[in-house]
Peer 1: 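Handing you this structure, nothing more for now.
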Amino acid sequence: MNTVIGIAGSARKKGNSATLMRAILKGAVRAGAHTKEVYLNGLVFKGCQGCEKCTSKGKCILNDDLTSILNELHKAEGWVLASPIYYDSVTGQMKTFFDRCRTFTIDPETQKLKPQLKGKRKGVVIVTYEDKPRKDYYHEAEKLANYLGWMGDFSKVEIVSEGKLGPRDAAENRPDLLARAEELGKDLFG
Ligand SMILES: Cc1cc2nc3c(=O)[nH]c(=O)nc-3n(C[C@H](O)[C@H](O)[C@H](O)COP(=O)(O)O)c2cc1C
């Protein structure tokens, strides 16, 4: 059975990005996957210290709430990253998490860049925002999607970039969007 982990980068558990993340995970469950939701804002973790110890040890030497999550992500066939756009970028929580994924990009034998996640994977990067649909915000999601390729063999990474989602409950009141997200999860992780 596939394991799909959703990483939510918003403090608003019931907000737009997390709501879309859960819809995708719901679709993954329909397709037979085992899922887990991670809310970064509820965790205590440091940003990457740039110590580069992971380049020789093969894992991050920091020991905090992210440690076990990184271990689980090491094995998960599906990654769903969800973040609102804050000042034209993903949230600090998402960026801090993503920096810690550096450990997945370096081969400890050679200290050179080489994806460390074994096996094939699939992913989704979700960004939600208030403004009208914007290409530069799509690109923010695309940047994370591209870097997933530095970590492992992500054969497919879908991007969900949804504008006009200002208020907290905006996504919840868009059954069309939720249905599309659920279908995406079912198709991608089935
Ligand atoms: C600090 C902050 C910065 C924001 N910056 C932007 C922005 O640059 N562009 C935009 O369109 N929306 C911006 N927004 C609106 C959020 O992206 C939008 O409400 C999003 O859907 C919230 O997602 P959430 O409910 O998952 O937290 C900002 C909101 C906050 C709180």
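Keep in mind that the numbers below use all heavy atoms, side chains included, and drop hydrogens, waters and symmetry copies.
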Peer 1: Testing the basics here: between Asn16 and Gly166, what is the closest heavy-atom pair and its distance to 0.1 Å?
Peer 2: ND2-O, 3.7 Å
Peer 1: Do Cys60 and Arg100 have side-chain heavy atoms sitting under 4.5 Å apart?
Peer 2: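 In contact.
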Peer 1: Test side chain to side chain contact (heavy atoms under 4.5 Å, CB included) on Arg174 and Lys164; report intermediate values, then the result.
Peer 2: CA-CA 11 Å; Arg174 289 280 308 278; Lys164 296 190 175 170; 5.6 Å; no
Peer 1: Which heavy atom in Ser56 sits nearest to a heavy atom in Pro108, and how many Å separate them?
Peer 2: O-CB, 3.4 Å
Peer 1: Are Val80 and Leu20 linked, directly or through other ILVMFWY residues, by side chains that come within less than 4.5 angstrom of each other?
Peer 2: yes
Peer 1: Enter the distance from Arg22:CZ to Leu178:CG here, rounded to the nearest 0.5 Å.
Peer 2: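 One gets 10.0 Å once the value is rounded to the nearest 0.5 Å.
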Peer 1: To the closest 0.5 Å, what do you measure between CE (Met21) and CG (Leu81)?
Peer 2: 10.0 Å
Peer 1: Do Arg30 and Glu183 meet the salt-bridge criterion of a basic N to acidic O distance under 4.0 Å?
Peer 2: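 Arg30 and Glu183: salt-bridged.
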Peer 1: With clusters defined by side-chain heavy atoms of hydrophobic residues (ILVMFWY) lying less than 4.5 Å apart, directly or transitively, does Leu144 cluster with Tyr138?
Peer 2: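 No, Tyr138 does not connect to Leu144 through the hydrophobic network.
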Peer 1: To check you understand the geometry: which heavy-atom pair defines the closest contact between Gln116 and Lys114, and what is its length?
Peer 2: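 It is NE2-O, 2.7 Å.
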Peer 1: Would a distance-only check, ignoring hydrogens and angles, find a side-chain to backbone donor-acceptor pair under 3.5 Å from Thr67 to Asp64?
Peer 2: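 It does hold such a pair.
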Peer 1: With the threshold set at 4.0 Å, does a side-chain nitrogen-carboxylate oxygen contact exist between Lys156 and Asp187?
Peer 2: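 Not counted as a salt bridge, because no side-chain N and carboxylate O are separated by less than 4.0 Å.
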Peer 1: What distance separates Leu117 CG from Leu148 CG, expressed to the nearest 0.5 Å?
Peer 2: 9.0 Å
Peer 1: Could you check if a side-chain atom of Phe97 sits within less than 4.5 angstrom of a side-chain atom of Val90, using non-hydrogen atoms only?
Peer 2: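 With C-beta onward as the side chain, the pair stays apart.
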Peer 1: Identify whether Val160 and Ile7 are in the same connected component of the hydrophobic contact network (ILVMFWY, side-chain heavy atoms under 4.5 Å).
Peer 2: no
Peer 1: Once you round to the nearest 0.5 Å, how far does CE of Met151 lie from SG of Cys101?
Peer 2: 4.5 Å
Peer 1: With side chain to side chain contact (heavy atoms under 4.5 Å, CB included) as the test, would you mind laying out the steps for Arg102 and Cys54 before giving the verdict?
Peer 2: CA-CA 8 Å; Arg102 161 94 165 155; Cys54 63; 3.9 Å; yes
Peer 1: Using modelled atom types only, decide if a donor and an acceptor are shared between the side chain of Arg121 and the backbone of Ala76 within a distance under 3.5 Å.
Peer 2: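 Yes; at least one donor-acceptor contact below 3.5 Å.
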Peer 1: Test side chain to side chain contact (heavy atoms under 4.5 Å, CB included) on Leu62 and Phe45; report intermediate values, then the result.
Peer 2: CA-CA 9 Å; Leu62 293 176; Phe45 62 99; over 6 Å; no
Peer 1: With rounding to the nearest 0.5 Å, note down the distance linking CD1 in Ile85 to OG in Ser10.
Peer 2: 12.0 Å
Peer 1: Looking only at non-hydrogen atoms, find the nearest pair between Ala171 and Leu165 and report the distance.
Peer 2: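 Here Ala171 and Leu165 meet closest at N-CD2, 4.0 Å.
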Peer 1: Which word best sums up how the rings of Trp79 and Phe154 line up, parallel for under 30°, tilted for 30 to 60°, or perpendicular for over 60°?
Peer 2: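 Rings of Trp79 and Phe154: perpendicular, over 60°.
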Peer 1: Between Val38 and Leu43, does a side chain to side chain contact (heavy atoms under 4.5 Å, CB included) hold up when you go through it step by step?
Peer 2: CA-CA 9 Å; Val38 175; Leu43 306 181; 3.9 Å; yes
Peer 1: With rounding to the nearest 0.5 Å, note down the distance linking OG in Ser161 to NZ in Lys135.
Peer 2: 12.0 Å
Peer 1: Taking all non-hydrogen atoms of both residues into account, name the closest pair between Ala23 and Ala181 and its distance.
Peer 2: CB-CB, 3.8 Å
Peer 1: For a quick test of reading the model, state the closest non-hydrogen atom pair linking Gly78 to Phe189 and the distance between them.
Peer 2: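 What the structure gives for the nearest pair is CA-CE2, 3.6 Å.
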Peer 1: Establish whether Ile126 and Tyr137 are linked, either directly or via other cluster members, by ILVMFWY side-chain heavy-atom contacts under 4.5 Å.
Peer 2: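 No; Tyr137 is not reachable from Ile126 via cluster members.
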Peer 1: Report yes or no: do Ile159 and Val4 belong to one cluster of Ile/Leu/Val/Met/Phe/Trp/Tyr joined by side chain heavy-atom distances under 4.5 Å?
Peer 2: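 Different clusters.
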Peer 1: Counting only N and O atoms by type, is there a donor-acceptor contact under 3.5 Å from the side chain of Asp65 to the main-chain atoms of Val44?
Peer 2: yes
Peer 1: Do Glu158 and Lys122 meet the salt-bridge criterion of a basic N to acidic O distance under 4.0 Å?
Peer 2: no
Peer 1: Quick one: does Thr91's side chain have a donor or acceptor within less than 3.5 Å of a partner on Ser83's backbone?
Peer 2: no
Peer 1: Is it true that, when you exclude Lys118 itself, more than 12 heavy atoms of the residues, nucleotides or ligands shown sit nearer than 6.0 Å to its NZ?
Peer 2: yes
Peer 1: If you draw a 6.0 Å radius around OH in Tyr147, do more than 12 non-hydrogen atoms from other residues or ligands fall strictly inside?
Peer 2: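 No, because the 6.0 Å sphere around OH of Tyr147 holds 12 heavy atoms or fewer from other groups.
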